[in-house]
Amino acid sequence: MKTYEYIPKGVCSSKMIFEIDGETIIDIKVIGGCPGNSLGVRSLCQNQNIDYIISKLDGIKCGYKSTSCPDQISNALKEYKQKRDI
């Protein structure tokens, strides 16, 4: 199992910490942001395939912002895959 930390951009949360086993997201901890939203997204992402979660969360916006915490989770997972495959 690997731990991956990501600093989101353009959202209220300040850090995202992922526990990943192979292609499966075991857990996500979102520091800051909307607690209920973060817990809900965390629950939905647990034990799910990385590519599935990217496809579901990519491009979601928060109000007037061009991104959201779910979109930033998608970006973090894309970055994780890119760094892992180097």
Side-chain angles (χ1 to χ4, degrees):
M1 187 163 12
K2 293 184 179 186
T3 299
Y4 182 70
E5 293 189 10
Y6 180 78
I7 304 299
K9 298 150 193 76
V11 295
C12 299
S13 59
S14 59
K15 184 188 273 190
M16 297 173 173
I17 305 166
F18 298 81
E19 295 293 330
I20 299 173
D21 188 10
E23 294 295 315
T24 303
I25 301 162
I26 303 302
D27 198 11
I28 302 173
K29 291 182 179 74
V30 179
I31 311 301
C34 305
N37 183 41
S38 297
L39 290 172
V41 171
R42 175 187 181 208
S43 179
L44 292 170
C45 291
Q46 287 175 320
N47 300 308
Q48 297 294 322
N49 177 274
I50 291 172
D51 290 329
Y52 174 76
I53 294 301
I54 289 171
S55 74
K56 292 295 183 183
L57 301 182
D58 190 43
I60 293 174
K61 296 180 181 178
C62 182
Y64 63 89
K65 297 178 183 179
S66 62
T67 189
S68 66
C69 288
D71 184 52
Q72 288 296 298
I73 287 171
S74 172
N75 290 343
L77 292 170
K78 287 188 265 185
E79 183 178 284
Y80 167 78
K81 285 182 62 173
Q82 182 181 18
K83 287 182 177 183
R84 177 194 65 187
D85 295 340
I86 292 177

Do the side chains of [X] and [Y] join up, straight or via other hydrophobic residues, at under 4.5 Å, putting them in one cluster?
X	Y	result
Ile60	Val30	yes
Ile54	Tyr6	yes
Leu57	Ile50	yes

### Task
Go through Asn47 and Ile26 one step at a time and tell me if the side chain to side chain contact (heavy atoms under 4.5 Å, CB included) criterion holds.
CA-CA 5 Å; Asn47 300 308; Ile26 303 302; 4.0 Å; yes
### Message
I need the minimum non-hydrogen distance between Lys9 and Gln72, along with the two atoms involved.
### Response
N-OE1, 2.9 Å
#### Entry: Transitive ILVMFWY cluster of Ile7, excluding itself - 4.5 Å side-chain cut-off
none
### Message
Strictly by salt bridge (Lys or Arg N to Asp or Glu O under 4.0 Å), give each pair with a member in residues 75-84 just once, sequence neighbours left out.
### Response
Glu23-Arg84, Asp51-Lys81, Asp58-Lys78, Glu79-Lys83
#### Entry: Contacts of Ser14 that satisfy side chain to side chain contact (heavy atoms under 4.5 Å, CB included) - sequence neighbours left out
Ile31
### Residues that Leu39 engages under side chain to side chain contact (heavy atoms under 4.5 Å, CB included), provided they are two or more places apart
Arg42
### Query
Who passes ring-ring contact (aromatic ring centres under 6.0 Å, His included) against Tyr4, sequence neighbours left out?
Tyr80
### Message
Counting C-beta onward and ignoring hydrogens, is there a side-chain heavy-atom pair between Ile25 and Leu77 closer than 4.5 Å?
### Response
yes
### Message
Within the structure provided, determine whether Val11 and Thr67 are in side-chain contact (heavy-atom separation under 4.5 Å).
### Response
yes
Find the distance between [atom1] ([X]) and [atom2] ([Y]) and round it off to the nearest 0.5 Å.
X	Y	atom1	atom2	answer
Ile73	Leu44	CD1	CG	10.0 Å
Lys29	Glu19	NZ	CD	6.0 Å
Asp71	Ser66	CG	OG	8.0 Å
Met16	Ser38	CE	OG	7.0 Å
Asp27	Ile17	CG	CD1	10.0 Å

### Message
Suppose the criterion is ring pair (Phe, Tyr, Trp, His ring centres under 6.0 Å): which pairs have a residue in residues 40-60, not counting sequence neighbours?
### Response
none
### Message
A quick test of your reading: do over 12 heavy atoms of other residues, nucleotides or ligands sit less than 6.0 Å from NZ of Lys65?
### Response
yes
